[in-house]
Participant: 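Quick one: this structure, given as structure tokens, is what I'll be asking you about.
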Amino acid sequence: MSNLQPVRGTHDLLADDCRLHRHVETVARDTSELYGFDEVATPIFEFTDVFARTLGGTSDIVAKEMYTFEAKGGESITLRPEGTAGIARAFISNGLAQHVPLKLFYHGPMFRHERPQKGRQRQFHQVGVESIGSGSPQADVEVIALGYKILNQLGLTKEVKLEINSLGDSESRANYRNVLLEYFTKHESSLSADSKARLQRNPLRILDSKDEQDRRIVSDAPALSDYLNSDSRVFIESVERGLNDLKLPFEKNPNLVRGLDYYCHTAFEFTTISLGAQGTVLAGGRYDGLIEQMGGPSTPGVGWAAGVERLAMLTTNTQNMIRPFAVVPVSNDLKDIAMQVVQTLRDAAIPSDLAFSGNIKRRLKRADKLNARAAVILGEEELKDGNVVLRDLDSGDQTTIALANVAEAIKDNY
RNA sequence: GCGGGUGUAGCUCAGUUGGUUAGAGCGCCUGGUUGUGGUUCAGGAGGUCGUGGGUUCAAUCCCCAUCACUCGCCCCA
């Protein structure tokens, strides 16, 4: 049981993975700032209502995937399964309607009790952005452009494609839902078992079924685009025009739907074929009704979230590790002065390291393993004259320099 | 939640048609005479063969269960 294994669906991020994750996060954060998005952080858990009321009771997330528990005070608490609901709650709690429009970036762990698979864990990490307070299609375009830029910075432009669709406003969607329900009900007997279940909960979901028989039925189904009212149509057309103006390629996918109830109008997904069934890498859409639904002032919004693990798996250009400088005392008698030398280097902001044991051979070997750029070798003879040896570990060249000038010499030469 | 695959040293894997001290490569540690790395040579540490039950004189190998990973479905980032 507690076999010193990590809990199912959780993982330790060791040095290499951690560096890669940090890289993904850093790129996402820096790029978001470039677009004027400020970083915020909301709690990792919220009252269960925050998620239950907003995500939609029909979504699997609410129905069976939330980590919900009763806190000591008796309140029902849930580990956040996604980021948008918490941000919306914070928007209301802090009276941020005063500061609209707001552009926010966030990152952090999310929790979903799903069956683990590659690219799907129970604790996973997301980066995301929310553009709150603007109902303009330009906000949608900006947010998508930002997503593109981040993927581009990560070197994934060739890896992914963008699909978009319009879910319409609530009126269009309700209309369409009825038509669709009628159509699928006529064909109910031919639908897959999964889709029969979806018929009651969320008929839109049948549109992106992978079942072949379902797909045949879907191909003749009424299209959402034919049921958009004029407002909805104008909106999605402006978004498409905006993307074209920025030369951001996309495909229209009339069957693209979103799992969470709060989405309307624009829905978009960046997907890859390299991750098997978990191909969605960055996805989002517009959620004009969300904040009002939570009890706040009617406020439009649009945003997306991206899976850090999935992005990290696609990102091959490993970050260069910083190359430290190794301080190597020739004998153990010099270990104290060696400690002082590393401290001097660190005071000068030079990344440096000192092995605590071993003869010179061992210590150089260790320096090599650290991928050190050069070694500062401390020997009795040189020290008598106040000198040390600086050895370039790539070329093997050695020079003798004054101990007092080590930091400067390193800064000048490397 | 449903169906399939896998599980032997830190890593990648071999192996035993059930038999008493379980192997390789890489990695790790130590040493090759006292001041020099990434090569080489020698030596060494490390495994309750995922875990728990069962069958058997005997199980890492057979059976059952369980856990984890993995592929597809579902869901979604």
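Only a predicted model underlies this, so the values are computations on that prediction, with no experimental measurement involved. Just so it is clear: chains get the letters A, B, ... in the order the sequence lines come, proteins before strands, and each one is counted from 1.
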Participant: Under 4.0 Å, heavy atoms only, any strand: does A:Arg8 hit a base, just the sugar-phosphate, or nothing?
Facilitator: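 Counting heavy atoms under 4.0 Å across all strands, the contact made by A:Arg8 is with sugar-phosphate only.
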Participant: Taking B:rG15 as the reference, what is the distance to B:rC74 when you measure between their C1' atoms (whole Å, please)?
Facilitator: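 The answer is 39 Å between these two C1' atoms.
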Participant: If you measure from the C1' atom in B:rG72 to the same atom in B:rA24, how many Å do you get, rounded?
Facilitator: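 Each nucleotide's C1' atom is 35 Å from the other's.
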Participant: Taking A:Pro203 as the fixed residue, which of A:Leu181, A:Val179, A:Asn178 is the one that meets the side-chain contact (heavy atoms from CB on, under 4.5 Å) rule?
Facilitator: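 That would be A:Leu181; it is the only one of A:Leu181, A:Val179, A:Asn178 passing the side-chain contact (heavy atoms from CB on, under 4.5 Å) with A:Pro203.
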Participant: Can you check the distance between B:rC28 and B:rA68, where both ends of the measurement are the C1' atom (answer in whole Å)?
Facilitator: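 Comparing C1' positions in B:rC28 and B:rA68 gives a spacing of 26 Å.
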Participant: Rounded to whole Å, please give me the gap between CD1 in A:Ile144 and C1' in B:rA77.
Facilitator: 16 Å
Participant: Between A:Arg323 and A:Asp394, is there a salt bridge with N-O shorter than 4.0 Å?
Facilitator: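 Answer for the salt bridge query: yes.
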Participant: Checking base pairs now: Watson-Crick or wobble, both atom distances under 3.5 Å. What partners B:rC11?
Facilitator: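 Partner of B:rC11: B:rG25.
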Participant: Tell me whether the OP1 or OP2 atom of B:rU36 has a side-chain N or O from A:Lys365 closer than 4.0 Å.
Facilitator: no
Participant: Just checking A:Phe105 against A:Tyr35, ring centres under 6.0 Å apart?
Facilitator: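 Not close enough - the centres of the two rings lie 6.0 Å or further apart.
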Participant: What is the distance, rounded to the nearest whole Å, between atom CZ of A:Arg366 and atom P of B:rU30?
Facilitator: 11 Å
Participant: Got a donor-acceptor pair under 3.5 Å from the side chain of A:Arg115 to the base of B:rG72?
Facilitator: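 Side chain to base: no pair present.
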Participant: Would you please say whether a donor-acceptor pair under 3.5 Å links the side chains of A:Ser274 and A:Thr272?
Facilitator: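 Side chains of A:Ser274 and A:Thr272: pair found under 3.5 Å.
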Participant: Could you say whether A:Ala283 or A:Asp211 is positioned toward the 5' end of RNA chain B, judged by the nucleotide with the nearest heavy atom to each?
Facilitator: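 Result: A:Asp211.
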Participant: Within the structure shown, what part of the strands sits under 4.0 Å from A:Gln398 by heavy-atom distance: base, sugar-phosphate, or nothing?
Facilitator: base
Participant: Given that both distances must come in under 3.5 Å, which nucleotide forms a Watson-Crick or G-U wobble pair with B:rU17?
Facilitator: none
Participant: Tell me which nucleotide, if any, is Watson-Crick or G-U wobble paired with B:rU6 when both distances must be under 3.5 Å.
Facilitator: B:rA68
Participant: Assess the side chains of A:Gln213 and A:Arg216: does a donor N or O sit below 3.5 Å from an acceptor N or O?
Facilitator: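 There is such a pair between these side chains.
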Participant: In terms of the nearest nucleotide of RNA chain B, which residue is placed more toward the 5' end: A:Asp397 or A:His113?
Facilitator: A:His113
Participant: Say you pick atom P in B:rU30 and the same atom in B:rU20; how far apart are they, in whole Å?
Facilitator: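 Pairwise P distance, B:rU30 against B:rU20, rounds to 35 Å.
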Participant: When we call it a touch if two heavy atoms are under 4.0 Å apart, what does A:Ala305 touch: a base, just sugar-phosphate, or nothing?
Facilitator: sugar-phosphate
Participant: Determine the interatomic distance between C1' on B:rC11 and the same-named atom on B:rG37; round to the nearest Å.
Facilitator: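 The same atom, C1', in both gives a distance of 24 Å.
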Participant: Given atom CD1 of A:Ile360 and atom P of B:rG37, what is their separation to the nearest angstrom?
Facilitator: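 Computing the A:Ile360:CD1 to B:rG37:P distance gives 8 Å.
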Participant: Using the C1' atom as the reference point in each nucleotide, state the distance between B:rA14 and B:rC71 in Å, no decimals.
Facilitator: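 To the nearest whole Å, 25 Å.
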Participant: Decide yes or no, distance alone: a donor-acceptor N/O pair under 3.5 angstrom between the base of B:rA77 and the side-chain of A:Arg112.
Facilitator: yes
Participant: Would you indicate, yes or no, if B:rG31 has its OP1 or OP2 atom less than 4.0 angstrom from a side-chain nitrogen or oxygen of A:Arg362?
Facilitator: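 So the side chain of A:Arg362 is within the cut-off, an N or O lying under 4.0 Å from OP1 or OP2 of B:rG31.
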Participant: Report the residue from A:Asp288, A:Asn165, A:Leu167 that forms a side-chain contact (heavy atoms from CB on, under 4.5 Å) with A:His265.
Facilitator: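 When side-chain contact (heavy atoms from CB on, under 4.5 Å) is applied between A:His265 and each of A:Asp288, A:Asn165, A:Leu167, only A:Asp288 qualifies.
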Participant: Checking contacts here: which listed nucleotide (B:rC75, B:rC69, B:rG38) is nearest the side-chain heavy atoms of A:His11?
Facilitator: B:rC69
Participant: A:Asp194 has an atom CG; how far is it from atom P of B:rC74, in whole Å?
Facilitator: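 In whole Å, B:rC74 P and A:Asp194 CG are 6 Å from each other.
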Participant: How many whole angstroms separate atom CZ of A:Arg122 from atom P of B:rA77?
Facilitator: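 So the two atoms are 18 Å apart, to the nearest Å.
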Participant: Students often get this wrong, so: under 4.0 angstrom with heavy atoms, is A:Leu393 touching a base, only sugar-phosphate, or nothing?
Facilitator: base
Participant: Could you tell me the Watson-Crick or G-U partner of B:rG38, where both distances fall under 3.5 Å? Say none if there is no partner.
Facilitator: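 By the stated definition (distances under 3.5 Å), nothing pairs with B:rG38.
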Participant: Using a heavy-atom cut-off of under 4.0 Å over every strand shown, decide if A:Glu269 touches base, sugar-phosphate, or nothing.
Facilitator: nothing
Participant: Which part of the nucleic acid does A:Gly128 contact within heavy-atom distance under 4.0 Å: base, sugar-phosphate only, or nothing?
Facilitator: nothing
Participant: My understanding is that only one of A:Pro137, A:Ser225, A:Ser166 makes a side-chain contact (heavy atoms from CB on, under 4.5 Å) with A:Ile236; could you say which?
Facilitator: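 So the option named by the test is A:Ser166.
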Participant: Do A:Glu269 and A:Trp304 have side-chain heavy atoms sitting under 4.5 Å apart?
Facilitator: no
Participant: Using whole Å, what does the distance between atom C1' of nucleotide B:rC11 and atom CG of A:Asp17 come to?
Facilitator: 14 Å
Participant: Between B:rC75, B:rC73, B:rC76, which one does the side chain of A:Glu114 approach most closely?
Facilitator: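 For the A:Glu114 side chain, the nearest candidate turns out to be B:rC75.
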Participant: Within the pair A:Lys64 and B:rG1, is there a side-chain N or O less than 4.0 Å away from OP1 or OP2?
Facilitator: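 False: A:Lys64 side-chain N/O out of range (4.0 Å or more) of B:rG1 OP1/OP2.
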Participant: Does A:Gly9 reach a base, just sugar-phosphate, or nothing at all? Heavy atoms under 4.0 Å.
Facilitator: sugar-phosphate
Participant: Quickly work out the A:Asp214 CG to B:rC73 C1' distance and round it to whole Å.
Facilitator: 12 Å
Participant: Round to the nearest Å and state the distance from A:Glu309 atom CD to B:rC69 atom P.
Facilitator: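 Taking CD of A:Glu309 and P of B:rC69, I get 13 Å after rounding.
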Participant: Look at all strands and tell whether A:Arg363 reaches a base, only sugar-phosphate, or nothing, counting heavy atoms closer than 4.0 Å.
Facilitator: nothing
Participant: Please state whether the base of B:rG1 and the side chain of A:Glu65 form at least one donor-acceptor pair under 3.5 Å?
Facilitator: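 Such a pair does not exist between side chain and base.
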Participant: Of A:Val218, A:Ile206, A:Leu207, A:Leu199, which meets side-chain contact (heavy atoms from CB on, under 4.5 Å) against A:Leu180?
Facilitator: A:Leu207
Participant: Give A:Gly119 one of three labels, base, sugar-phosphate or nothing, depending on what nucleic acid heavy atoms sit under 4.0 Å from its own.
Facilitator: base
Participant: At under 4.0 Å between heavy atoms, what does A:Lys118 touch on the DNA or RNA strands: base, sugar-phosphate, or nothing?
Facilitator: sugar-phosphate
Participant: Just name whichever nucleotide pairs with B:rU55, Watson-Crick or G-U, keeping both distances under 3.5 Å, else none.
Facilitator: none
Participant: Rounded to whole angstrom, note down the C1' distance from B:rA45 over to B:rU6.
Facilitator: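 Looking at atom C1' only, B:rA45 and B:rU6 are 29 Å apart.
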Participant: Say you pick atom P in B:rA77 and the same atom in B:rG47; how far apart are they, in whole Å?
Facilitator: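 Those two atoms are separated by 44 Å.
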Participant: Under 3.5 Å for both donor-acceptor distances, Watson-Crick or wobble: does B:rC75 have a partner, and if so which one?
Facilitator: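 Checking every strand shown, B:rC75 finds no partner, since no pair has both distances under 3.5 Å.
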